[in-house]
Amino acid sequence: MKETTTTTTKRRHPTTKLMGTLRSLFNSFHPSRLPDLPLELVAEILCRLPVKLLLQLRCLSKSFNTLISDPNFAKKHLRLSITRRNLILTYFDDTYDMKSTLIFYRLHSIFHPLRSIFNSVTVKPTQLHYPFDPLYNNIVGSCNGILCLDKKDSNIVKQSNVILWNPSIRKSKILPSFKIQGECGFVKYGFGYDHVNDVYKVVAVFSYYCGNEGFKTQGMVHTLGTNSWRMIHGELPLPRVCESLKFYRRLLQPNYGGEYVHKVNLGVLRDCLCILACSPRVYSVWLMKEYGNEESWIKLFRIPEKKGLIYYSYVKPLWISNNGQVLIDYASWRRTNLAVYDFKNGTFKKPLMQDFNGSMTYEVCSESLISPCF
């Protein structure tokens, strides 16, 4: 009788296999220089890899570190990694311990037909380490992998409190403060990228009390890489203009065809300015396909009254998939919720997520190598 032996082979994680392949390819060369491949080809290979893997590869050699740390490489990597996005959630426990928690879900886990947070509670979020004051818990917005956060109490303080943070590379920058003269009514921030001048900007709009003249609205702009704020000359007529617009400018709204619109919310979908127009019985979402061109407004979809969203005080589309599913953030006075609306078949789903009792903010953020530390 023949003796049989069984061998068990452990399956290696794809990332581990890829790291091994790269090490065997590049470590066979002199460690102080890149392999004898064209530099363009090396960059083409690396810029398609996830950020986590690139951070590990940076430790292989000085040449790798120089290439991956190059801002031009970071920009190219960003252009090729538009599918790597996460849903960021900040949760602030406003009880006695004042604890802030920041977690994220992979965006594909929300829209995946089988392994979705709508179908299974086994899809767990990943917790991110908060490297700064837990009061920086309100997400202003995100752009190219950089999150902009302000302090929960920014509406009542006498100076600005803003931080920029890229959680993928764990780099952050606290922006310089500006003092607000007189009694402050509110402070609102916006964050975006100026593609004309290739700079990132933070806009602050605040109101202040002027005695007999009442409250006035003023704006300030900080350009990343400088150490100061620049005043926007003239009083701003719209108290919430900074939340989505890249700079101060009047834009004509879409032609609603005579439909009564009592409120609009601004946002960004598919890298275009969008408006959520609130009517008594329906929400309509419009996209400006060409920024600044009022003729380019198109109606993307409608959310009818029966879906129940019109009864909430705040509704914001966060993301839209290629097959017509929209991730929506909606809230009442104290409660923030998420849902996915499929405007092609009219279905409305709520995810199976951990239940939080504190205040929450949501944002969709790319994974990138872009550093806020200019």
Side-chain angles (χ1 to χ4, degrees), residues 47 51 54-55 68-82 84-86 88 90 102 104 128 131-132 136-151 154 159-178 187-206 218-232 236 240-249 266-274 288 291-292 318-319 361-374:
C47 67
V51 171
L54 289 173
L55 295 181
I68 296 171
S69 302
D70 187 336
N72 291 321
F73 177 84
K75 292 177 183 177
K76 184 169 186 177
H77 176 268
L78 178 68
R79 291 195 300 271
L80 296 174
S81 61
I82 56 174
R84 299 191 188 106
R85 299 181 188 266
N86 299 319
I88 305 286
T90 59
L102 194 146
F104 75 87
L128 294 171
F132 32 76
Y136 286 101
N137 56 29
N138 180 55
I139 302 178
V140 173
S142 73
C143 184
N144 295 343
I146 301 176
L147 283 173
C148 180
L149 303 103
D150 70 336
K151 281 191 176 181
S154 288
Q159 62 182 19
S160 63
N161 296 280
V162 182
I163 192 167
L164 299 179
W165 178 41
N166 185 333
S168 299
I169 58 175
R170 300 178 183 178
K171 289 188 177 181
S172 61
K173 179 180 178 63
I174 298 177
L175 300 191
S177 297
F178 64 85
V187 181
K188 296 291 183 181
Y189 296 99
F191 174 57
Y193 174 67
D194 179 355
H195 70 280
V196 176
N197 299 301
D198 188 24
V199 291
Y200 292 87
K201 294 182 178 181
V202 177
V203 180
V205 173
F206 57 92
Q218 183 61 61
M220 304 282 285
V221 179
H222 173 80
T223 301
L224 199 57
T226 67
N227 198 37
S228 60
W229 291 79
R230 175 176 55 85
M231 183 175 292
I232 300 175
L236 297 180
R240 297 175 67 86
V241 70
C242 70
E243 290 190 352
S244 299
L245 298 182
K246 294 185 177 64
F247 53 86
Y248 172 47
R249 173 179 180 178
L266 297 180
V268 176
L269 282 178
R270 291 177 176 169
D271 292 327
C272 296
L273 180 69
C274 80
M288 179 178 269
Y291 185 76
L318 292 174
W319 180 254
T361 54
Y362 300 100
E363 187 68 28
V364 173
C365 184
S366 307
E367 291 186 6
S368 83
L369 295 165
I370 305 295
S371 173
C373 305
F374 281 76

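None of these values were measured; they are calculated from a predicted model. Basis for what follows: all heavy atoms, side chains included, without hydrogens, waters or symmetry-related copies.
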Exercise. Which class fits the ring pair Trp229 and Tyr189: parallel under 30°, tilted 30 to 60°, perpendicular over 60°?
Worked result: tilted
For this session: Any chance you could measure Leu149, atom CG, to Glu363, atom CD, to the nearest 0.5 Å?
Result: 9.5 Å
Exercise. Taking all atoms of both residues into account, what is the closest heavy-atom pair of Pro167 and Gly145, and its distance?
Worked result: CD-O, 3.9 Å
Problem set entry | Reported SG-to-CG distance for the pair Cys148 and Leu175, which is rounded to 0.5 angstrom | 7.0 Å
For this session: Only counting residues at least two apart or in another chain, list the ones meeting side-chain contact (heavy atoms from CB on, under 4.5 Å) with Asp198.
Result: Lys75, Tyr193
Problem set entry | Where Glu367 and His77 come nearest, the two heavy atoms and their spacing | O-CE1, 4.4 Å
Problem set entry | From Ser228 atom OG to His222 atom NE2, the distance as rounded to the nearest 0.5 Å | 7.5 Å
Exercise. Between atom CZ of Arg270 and atom CH2 of Trp319, what is the distance when rounded to the nearest 0.5 Å?
Worked result: 9.0 Å
Problem set entry | Test side-chain contact (heavy atoms from CB on, under 4.5 Å) applied to Leu164 and Val202, step by step | CA-CA 10 Å; Leu164 299 179; Val202 177; 4.2 Å; yes
Exercise. Nearest heavy-atom pair of Cys47 and Leu80: which atoms, and what distance?
Worked result: SG-CD1, 3.2 Å
For this session: Could you tell me the separation between the CG atom of Leu266 and the CE atom of Met288, rounded to the nearest 0.5 Å?
Result: 10.0 Å
Problem set entry | N/O donor-acceptor pair under 3.5 Å between Ser368 side chain and Ile370 backbone | yes
For this session: Please list, chain by chain and in numerical order, all residues satisfying salt bridge (charged side-chain N to carboxylate O under 4.0 Å, His left out) with Lys171, sequence neighbours excluded.
Result: none
Exercise. What distance separates Ser142 OG from Asn86 CG, expressed to the nearest 0.5 Å?
Worked result: 10.5 Å
Exercise. If you look only at pairs with a residue in residues 220-231, which of them pass as a salt bridge (Lys or Arg N to Asp or Glu O under 4.0 Å), with sequence neighbours excluded?
Worked result: none
Seminar exercise, completed: Shortest non-hydrogen pair, Trp165 vs Ser172, comes out as CD1-CB, 3.7 Å
Problem set entry | Whether over 12 other heavy atoms sit under 6.0 Å from Arg170 CZ | no
Exercise. Mind checking what makes ring-ring contact (aromatic ring centres under 6.0 Å, His included) contact with Phe104, not counting sequence neighbours?
Worked result: none
Exercise. Pick from Ser366, Ser168, Pro372: which one makes a side-chain contact (heavy atoms from CB on, under 4.5 Å) with Ile146?
Worked result: Pro372
For this session: With sequence neighbours left out, write down each residue that passes side chain to side chain donor-acceptor pair (under 3.5 Å) with Asn197, or none if nothing qualifies.
Result: Asp194
Problem set entry | Student check: side-chain heavy atoms of Phe191 and Val162 closer than 4.5 Å | no
Seminar exercise, completed: Correct closest heavy-atom pair for Leu54 and Ile68 would be O-CD1, 3.5 Å
Problem set entry | Set of residues satisfying side chain to side chain donor-acceptor pair (under 3.5 Å) with respect to Thr226, sequence neighbours excluded | none
For this session: Take Asn161 and Asp150 through the side-chain contact (heavy atoms from CB on, under 4.5 Å) test and state the conclusion after the steps.
Result: CA-CA 6 Å; Asn161 296 280; Asp150 70 336; 5.6 Å; no
For this session: Can you see which heavy atom on Phe206 is nearest to which on Met220, and at what distance?
Result: CE2-CG, 3.6 Å
